[in-house]
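Inspection log for the structure reproduced underneath, given as structure tokens.
The shown structure was predicted, so the numbers you read here are calculated from the model rather than taken from an experiment. In the text below, chain A, chain B and the rest are named by the order of the sequence lines, each starting its count at 1.
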Amino acid sequence: MAQIRTRFAPSPTGFMHLGVLRTALYAWLYAKKHNGAFILRIEDTDRTRYVEGAVDVIYETLKICGLNWDEGPDVGGDFAPYIQSERRDSYMKYALELVEKDMAYHQDGAIRQKTPSVGNTVFRDEIFGEITVNNTEIEDQVLIKSDGMPTYNFANVIDDHLMNITHIIRGSEFLSSTPKYILLYEALGWKPPVFIHVSPIMRDENNKLSKRDGDAYVSDFIEKGYLIEAVINYIALLGWSPKGENEFFTLDELMNEFSLDGVSKSPAIFDELKMRTVNAHYIRNLAPEKFKELALPFIGNPPENVDVLCAALQPRTELLTDIASQVDFIEKPCDYELDLYNNKKMKTSPETALVALGEALWAIKEHEFSRDDIYNAFKALADDSEVKIGFFLYPLQVALTGKQTAPGGGLDICIMLGKEESVKRIRTAIEKLS
RNA sequence: GGCCCGUUGGUCAAGCGGUUAAGACUCCGCCCUUUCACGGCGGCAACAGGAGUUCGAGUCUCCUACGGGUCACCA
């Protein structure tokens with residue numbers, strides 16, 4: 001059997017939409033799963049929409065996603081060029097061939113295909129099954145516009161055939177125009193490729209996820225602190241479901257798992273909350289060094305023991321961008337009211353805090369500066385006075401951070417900040433309480 | 001409006017004639033615990049509606065409703 005060849009054919013608009021990325025992903029997965037080739041072709045027949053640098057955005061996005069292409073404008077290939085505006089001559093040739101065969105005609109400077117007015121056009125879509133359309137529904141379509149450029153549909157058919165594309169994976173908005181494609185393949189005497197239409201990603205029940213919503217671009221999500229692997233994983237599952245229970249996949253795993261029969265027919269509503277939790281999962285599973293590398297830019301001036309900080313931050317980070325608000329105490333404790341020392345569960349108050357902090361000072365000074373040693377000191381203290389250890393550690397947290405919730409308990413923060421800084425902050429807190 | 005397609009919890013979804021109708025996210029409890037998280041355990045919650053076919057229908061057929069797509073010399 002011939003090699004499977006899929007293609008991704010975006011128009012260079014300057015941005016990569018999530019839905020577009022998913023289509024590219026499916027095309028890539030399908031090709032790679034079957035040891036096929038993934039072709040990148042730029043569809044720029046509409047010169048009025050040309051945007052400077054837009055092609056680079058496409059390259060960059062595919063690269064960070066790991067969707068490598070086997071043929072394309074930059075890497076070349078046996079069927080170059082891969083930019084439609086550079087392929088102009090071939091389109092006219094086939095259009096004229098159809099005119100020659102009396103299957104198309106000139107009109108107002110354009111060339112239109114003659115389409116039958118009786119009978120049905122039937123085709124099969126791998127997702128939707130067999131679809132039948134009455135030919136009376138199909139108008140004579142324009143092949144070449146009066147400016148000499150091919151229409152999108154015509155260029156597509158020609159290019160896909162010339163590039164030996166075997167499977168066309170694209171958005172379901174093309175389902176309705178597929179009969180036109182079929183008619184064109186028939187007129188040209190070519191074998192149509194396999195059609196695979198994928199339903200759109202929706203913002204809500206009524207609207208597609210779109211540029212107007214402001215945050216539908218891949219770049220938006222990266223800026224928000226998403227890991228690209230998480231984005232890929234999430235959108236892969238939007239509209240496709242794997243066989244087993246596992247919902248987390250690397251690109252390679254997706255490639256192995258991917259199968260057309262798991263692709264759903266109905267549109268899927270995008271849920272950022274869920275994508276966020278997928279992202280959180282990816283962040284938690286990062287190697288500590290990797291997390292540190294990604295987190296550092298968001299931390300500012302790191303504390304004495306940055307590794308402890310990162311270890312505390314990692315399970316508390318869903319998006320890289322929510323690190324900043326968690327580390328605002330590192331430079332100096334946040335401003336706080338004495339009331340913050342009141343905690344019902346810990347049975348603490350400003351008064352008890354004063355005592356607890358005095359003990360904390362002792363515990364830190366008299367013991368090895370390690371988490372375990374200081375913990376044991378507090379534990380003994382707590383057991384002696386028959387209180388929970390939080391009786392000592394919660395006030396410590398407040399003194400060190402000025403915050404009710406922190407990435408780690410009092411002791412963790414203490415270790416993060418280091419002995420000297422901790423002692424300094426505890427002293428300041430004691431003054432404030434006195 | 002014509003044509004094409006779709007419809008399982010709030011969301012993603014499994015299911016492909018016989019199930020107590022999976023799982024994940026959200027939400028709510030409980031446990032763990034020095035806060036908050038992580039983690040563990042448990043819970044709430046669905047076959048759009050109506051006719052058929054069948055011993056039996058979420059699964060097949062038809063109708064209705066709702067939703068999407070498309071009807072360009074845009075892509």
Report yes or no: does A/Asn279 contribute a side-chain atom to a donor-acceptor pair with the main-chain N or O of A/Leu227 at less than 3.5 Å? yes

Reckon A/Asn206 touches a base, only the sugar-phosphate, or nothing at all at heavy-atom distances under 4.0 Å? sugar-phosphate

Please check if the distance between the ring centroids of A/Tyr282 and A/Tyr226 is under 6.0 Å. no

Need one value for A/Met275: base, sugar-phosphate or nothing, where a base atom within 4.0 Å counts as base even if backbone is also close, heavy atoms only. nothing

Compute the centroid of each ring, for A/Trp28 and then for A/Phe8, and state whether the two points are separated by less than 6.0 Å. no

Under 3.5 Å for both donor-acceptor distances, Watson-Crick or wobble: does B/G1 have a partner, and if so which one? B/C71

Closest approach to the side chain of A/Tyr152, judged atom by atom: which nucleotide of B/C38, B/A13, B/A75 is it? B/A75

Across every strand shown, the nucleotide meeting Watson-Crick or G-U wobble geometry with B/C55 (both distances under 3.5 Å) is B/G18

How is A/Ala268 classified with respect to the nucleic acid when contacts are heavy atoms under 4.0 Å: base, sugar-phosphate, or nothing? sugar-phosphate

How would you label the contact of A/Arg284 with the nucleic acid (heavy atoms, under 4.0 Å): base, sugar-phosphate, or nothing? sugar-phosphate

Take the protein atom CG of A/Leu393 and the nucleotide atom C1' of B/C36, then report the distance between them rounded to whole Å. 15 Å

Under the criterion salt bridge (Lys or Arg N to Asp or Glu O under 4.0 Å), I'd like the reasoning laid out for A/Asp322 against A/Arg316: C-alpha separation, chi angles, the key distance, then a yes or no. CA-CA 9 Å; A/Asp322 49 41; A/Arg316 293 171 174 81; over 6 Å; no

Does B/G6 pair with anything, Watson-Crick or G-U wobble, both distances under 3.5 Å, and if so, with which nucleotide? B/C66

Complement of B/G29, any strand, by Watson-Crick or G-U distances under 3.5 angstrom: B/C41

Just to be sure I understand the rule, does A/Gly409 reach a base, reach only the sugar-phosphate, or reach nothing, if contact means heavy atoms closer than 4.0 Å? base

Kindly indicate whether the side chain of A/Arg316 and the base of B/U35 share any N or O donor-acceptor pair separated by less than 3.5 Å? yes

Between B/A75, B/G2, B/C73, which nucleotide gets closest to the side-chain atoms of A/Asn153? B/A75

Under a 3.5 Å cut-off for both contacts, is B/A24 paired Watson-Crick or G-U wobble with anything, and if yes, with which nucleotide? B/U11

Just checking A/Thr401: base, sugar-phosphate only, or nothing, at a heavy-atom cut-off of under 4.0 Å? nothing

Hits for ring-ring contact (aromatic ring centres under 6.0 Å, His included) against A/Phe248, two or more places apart or cross-chain, chain-then-number order -> A/His281

Quick one: label A/Leu411 by what it contacts on the DNA or RNA (base, sugar-phosphate, nothing), any heavy atom closer than 4.0 Å. base

Candidate list A/Asp56, A/Val57, A/Leu62, test side chain to side chain contact (heavy atoms under 4.5 Å, CB included), partner A/Tyr59, passing option: A/Asp56

With 3.5 Å as the limit, what N/O pairs link the protein to nucleotides 5-10 of chain B?
| from | atom 1 | to | atom 2 | distance (Å) |
| --- | --- | --- | --- | --- |
| B/G6 | OP1 | A/Lys265 | NZ | 3.3 |

Should the side chain of A/Ser176 and the base of B/C71 be counted as holding a donor-acceptor pair, with the cut-off at 3.5 Å? no

Classify A/Asp412 by what it touches in the nucleic acid, base, sugar-phosphate, or nothing, heavy-atom distance under 4.0 Å. base

Can you find a pair of side-chain heavy atoms, one from A/His161 and one from A/Leu188, that are under 4.5 Å apart? no

Note: contacts of residues 231-254 of chain A with RNA chain B (heavy atom, under 4.0 Å) are A/Leu237, A/Leu238, A/Gly239, A/Ser241, A/Glu245, A/Glu247

Any side-chain heavy-atom pair from A/Val157 and A/Tyr94 closer than 4.5 angstrom? no

With sugar-phosphate meaning primed atoms plus P, OP1 and OP2, does A/Phe174 contact a base, only sugar-phosphate, or nothing at under 4.0 Å between heavy atoms? base

Heavy-atom distance under 4.5 Å between the side chains of A/Ser177 and A/Tyr152, does that happen here? no

Using a 4.0 Å heavy-atom cut-off, does A/Arg170 contact any base of the nucleic acid, only the sugar-phosphate backbone, or nothing at all? nothing

Under 4.0 angstrom, heavy atoms only, what part of the nucleic acid is A/Glu205 near: base, sugar-phosphate, or nothing? sugar-phosphate

Assigned glycosidic conformation for B/C38 [threshold 90° from 0]: syn

Report the C-alpha separation of A/Glu289 and A/Lys292 in whole Å, then their side-chain angles, then the decisive distance to 0.1 Å, and conclude whether the salt bridge (Lys or Arg N to Asp or Glu O under 4.0 Å) test is met. CA-CA 5 Å; A/Glu289 316 83 63; A/Lys292 181 176 169 184; over 6 Å; no

